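Reading through the structure tokens given below for one structure.
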Number of protein chains: 2
Amino acid sequence: MSILSKLSFKDQAFKLREDAILDAATRILASKGFDLMTMDDVALEVGLSKPSLYKHFKSKDDLVAEAMIRLLDGAQTFLDALPREHAPTRKLVALLEWAMRVRLDGGLPFLPSTSPQVRDMLTRNLRYVTRVLKLNGQLEKIVQAGKKAGELRMDLPDDVILFSYYARTCDPAVDYLRLYSKMNNDEIIQHMLSVYLDGVALPQG
Amino acid sequence: MSILSKLSFKDQAFKLREDAILDAATRILASKGFDLMTMDDVALEVGLSKPSLYKHFKSKDDLVAEAMIRLLDGAQTFLDALPREHAPTRKLVALLEWAMRVRLDGGLPFLPSTSPQVRDMLTRNLRYVTRVLKLNGQLEKIVQAGKKAGELRMDLPDDVILFSYYARTCDPAVDYLRLYSKMNNDEIIQHMLSVYLDGVALPQG
DNA sequence: TAAAAAATCTACCACACAGTAAACAAAATT
DNA sequence: AATTTTGTTTACTGTGTGGTAGATTTTTTA
């Protein structure tokens with residue numbers, strides 16, 4: 001076994017542990033939120049001791065930011081994999097559906113609308129901000145294409161369409177529907193998409 | 001001055017201080033969120049010492065719950081004051097507009113979607129839950145009336161319309177529009193309402 | 001104005017949690 | 001096998017904050 005392959009094996013193991021930590025952090029974040037998540041929680045869940053976490057992530061903020069970055073990377077990968085020929089709205093819907101499903105499966109919501117402190121912490125993380133800007137730029141183009149194609153309302157500013165879009169990925173209505181309605185995940189997603197696209201009002205005429 | 005009027009004067013002063021505390025808590029909650037708000041913050045802002053706060057509210061949770069209750073009472077009052085002859089959707093829109101304006105003026109969002117802990121804390125507060133249930137019951141009836149009147153989509157469950165409604169009162173899109181767009185509050189509100197009612201998609205045909 | 005009562009504040013406690021130093025164990029290297 | 005190196009853990013520190021006891025001031029009553 002060469003030095004190189006040994007190193008890569010080590011790195012592989014290291015990466016595996018890192019993913020396990022991120023998985024645990026993601027689960028706990030999704031269930032308890034940032035402030036109630038302690039580093040001891042994460043260490044217990046992943047089966048390591050707290051100091052070992054700090055070999056991988058230099059702080060709690062860093063750990064959470066990395067979890068969010070992994071989520072964004074997943075979104076980017078999903079978006080990149082969509083057939084180029086799909087209509088703009090179809091792409092938007094597909095990604096939103098993906099984000100909702102991630103969340104309903106115990107994952108994190110896209111937007112950490114949760115609290116100002118988390119938002120501030122993330123905006124201080126360059127790696128995170130870079131990814132947000134990239135994704136945002138692509139989605140902005142898709143929205144503009146959707147308008148041109150006559151799929152999206154021209155009278156709404158791009159901003160409004162986009163921010164409403166992001167907001168749907170962390171919409172508390174999803175949580176409440178899961179808690180208090182008898183719907184399954186697919187029904188919840190379909191209704192949320194329907195409200196986002198067509199609104200709740202009956203079109204007159 | 002009789003004993004009775006003295007007592008009522010005292011009570012009045014007490015009530016005034018209590019409102020001042022709630023005002024301060026509301027401002028701080030709206031800006032920093034629950035977890036970053038400390039009782040020392042509130043005491044400083046209102047110009048009292050911390051122990052004095054505890055003469056009015058037995059805990060931080062209690063203080064925050066009372067702030068939310070005051071907000072709900074405001075909503076209830078607003079709803080009660082709406083002319084009975086207004087169409088259902090008009091009532092819904094008026095209340096939603098009111099809630100958004102409160103928030104844009106530095107008040108609290110209706111739904112504490114912020115974090116699971118706050119939600120749990122509130123659901124343990126009977127006074128809060130009672131008000132939520134009452135308001136929810138009335139809004140449910142308005143939604144049903146709106147469907148009957150042909151204003152709201154019949155194919156959407158009441159749940160979906162209602163939870164989406166609540167979610168709009170704490171929609172992060174509002175924050176982002178305020179931060180990153182050049183719109184004034186009225187424009188933001190109009191666009192948010194428009195998206196809720198009619199969606200972002202162009203109606204085909 | 002003196003005594004009693006109420007309100008308010010200073011100074012503190014207890015606890016939870018992020019982060020770390022140093023002892024300890026395991027692996028790799030010779 | 002001996003030695004170094006790497007990785008892990010136990011046990012701790014420091015800080016921030018919710019909450020409180022007791023001193024202190026203010027107000028009320030006589």
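So that the names make sense, note that chain A is the first sequence line, chain B the second, and so on, each numbered from 1. Here the structure is a predicted model, which is why all the values come from computation and not from measurement.
Heavy-atom distances under 4.0 Å link DNA chain C to no residue of residues 40-47 of chain B.
For the helix from C:dT1-D:dA30 to C:dT30-D:dA1, the terminal axes (five pairs an end, C1' atoms, rotation from four pairs onto the next four) enclose an angle of 10°, given to 10 degrees.
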Check against side-chain hydrogen bond (donor to acceptor under 3.5 Å, both in side chains), B:R17 and B:S52: CA-CA 10 Å; B:R17 239 168 343 191; B:S52 295; over 6 Å; no
Worked verdict on A:R70 versus A:D73 for salt bridge (Lys or Arg N to Asp or Glu O under 4.0 Å): CA-CA 5 Å; A:R70 199 175 59 158; A:D73 284 344; over 6 Å; no
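Here B:R17 reaches the OP1 or OP2 of C:dT8: one of its side-chain N or O atoms lies under 4.0 Å away. Within the 4.0 Å cut-off from OP1 or OP2 of D:dT9, at least one side-chain nitrogen or oxygen of A:S52 is found.
In this structure, OH on B:Y196 lies 6.0 Å from CD1 on B:I161, to the nearest 0.5 angstrom.
Among the atoms of the strands shown, only primed sugar atoms or phosphate atoms (P, OP1, OP2) are found under 4.0 Å from some heavy atom of A:T38.
Between B:L156 and A:G199, the shortest heavy-atom contact is CD1-O, 4.1 Å. In this structure, A:A201 and B:R153 approach most closely via the heavy-atom pair O-CG, 3.5 Å. Residue B:P109 comes nearest to B:L71 through the heavy atom pair O-CD2, 3.8 Å, listed as atom of the first residue, atom of the second, then distance. When all heavy atoms of A:P88 and A:E151 are compared, the pair lying nearest together is CD-OE1, 3.6 Å.
Rounded to whole Å, the distance from CZ on B:F57 to C1' on D:dT20 is 18 Å. What separates CD of B:Q117 from P of C:dC17 is a distance of 11 Å, to the nearest Å. In this structure, the NE2 atom of B:H56 is 16 Å from the P atom of D:dG19, given to the nearest Å. Computed from coordinates, the B:I28 CD1 to D:dT17 P distance equals 12 Å when rounded to whole Å. For A:L48 and D:dT10, the CG to P distance is 11 Å, given to the nearest whole Å. A:K55 has its NZ atom 13 Å from the C1' atom of C:dG19, to the nearest Å. Here C:dC9 presents its C1' atom at 12 Å from CG of B:L53, a figure rounded to the nearest Å. Separating the NZ atom of A:K60 from the C1' atom of D:dG16 is a distance of 13 Å, rounded to the nearest angstrom.
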Sequence neighbours excluded and cut-off under 3.5 Å, please list the side-chain donor-acceptor pairs for residues 27-41 of chain A, or say none.
{"unit_1": "A:R27", "atom_1": "NE", "unit_2": "A:E45", "atom_2": "OE2", "d": "2.6"}
{"unit_1": "A:R27", "atom_1": "NH2", "unit_2": "A:E45", "atom_2": "OE2", "d": "3.1"}
{"unit_1": "A:S31", "atom_1": "OG", "unit_2": "A:R27", "atom_2": "O", "d": "3.3"}
{"unit_1": "A:S31", "atom_1": "OG", "unit_2": "A:I28", "atom_2": "O", "d": "3.2"}
{"unit_1": "A:K32", "atom_1": "NZ", "unit_2": "A:D41", "atom_2": "OD2", "d": "2.8"}
{"unit_1": "A:D35", "atom_1": "OD1", "unit_2": "A:Q117", "atom_2": "NE2", "d": "2.4"}
{"unit_1": "A:T38", "atom_1": "OG1", "unit_2": "A:D40", "atom_2": "N", "d": "3.4"}
{"unit_1": "A:T38", "atom_1": "OG1", "unit_2": "A:D41", "atom_2": "N", "d": "3.0"}
{"unit_1": "A:T38", "atom_1": "OG1", "unit_2": "A:D41", "atom_2": "OD2", "d": "3.3"}
{"unit_1": "A:D41", "atom_1": "OD2", "unit_2": "A:T38", "atom_2": "N", "d": "3.2"}

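In this structure, B:W98 and B:F110 have perpendicular ring planes: the angle between them is above 60°, well past the 30° mark.
Pairs engaging residues 134-149 of chain B under the side chain to side chain donor-acceptor pair (under 3.5 Å) rule: B:Q76-B:Q138, B:N136-B:Y166, B:Q144-B:D158, B:K147-B:D158 [sequence neighbours left out].
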Heavy-atom protein contacts under 4.0 Å, nucleotides 20-27 of chain C, coded B base, S sugar-phosphate only, - none: BB------
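Partners of B:R127 according to the side chain to side chain contact (heavy atoms under 4.5 Å, CB included) rule, which considers only residues two or more places apart in sequence or in another chain, are B:E66, B:I69, B:N125, B:R131.
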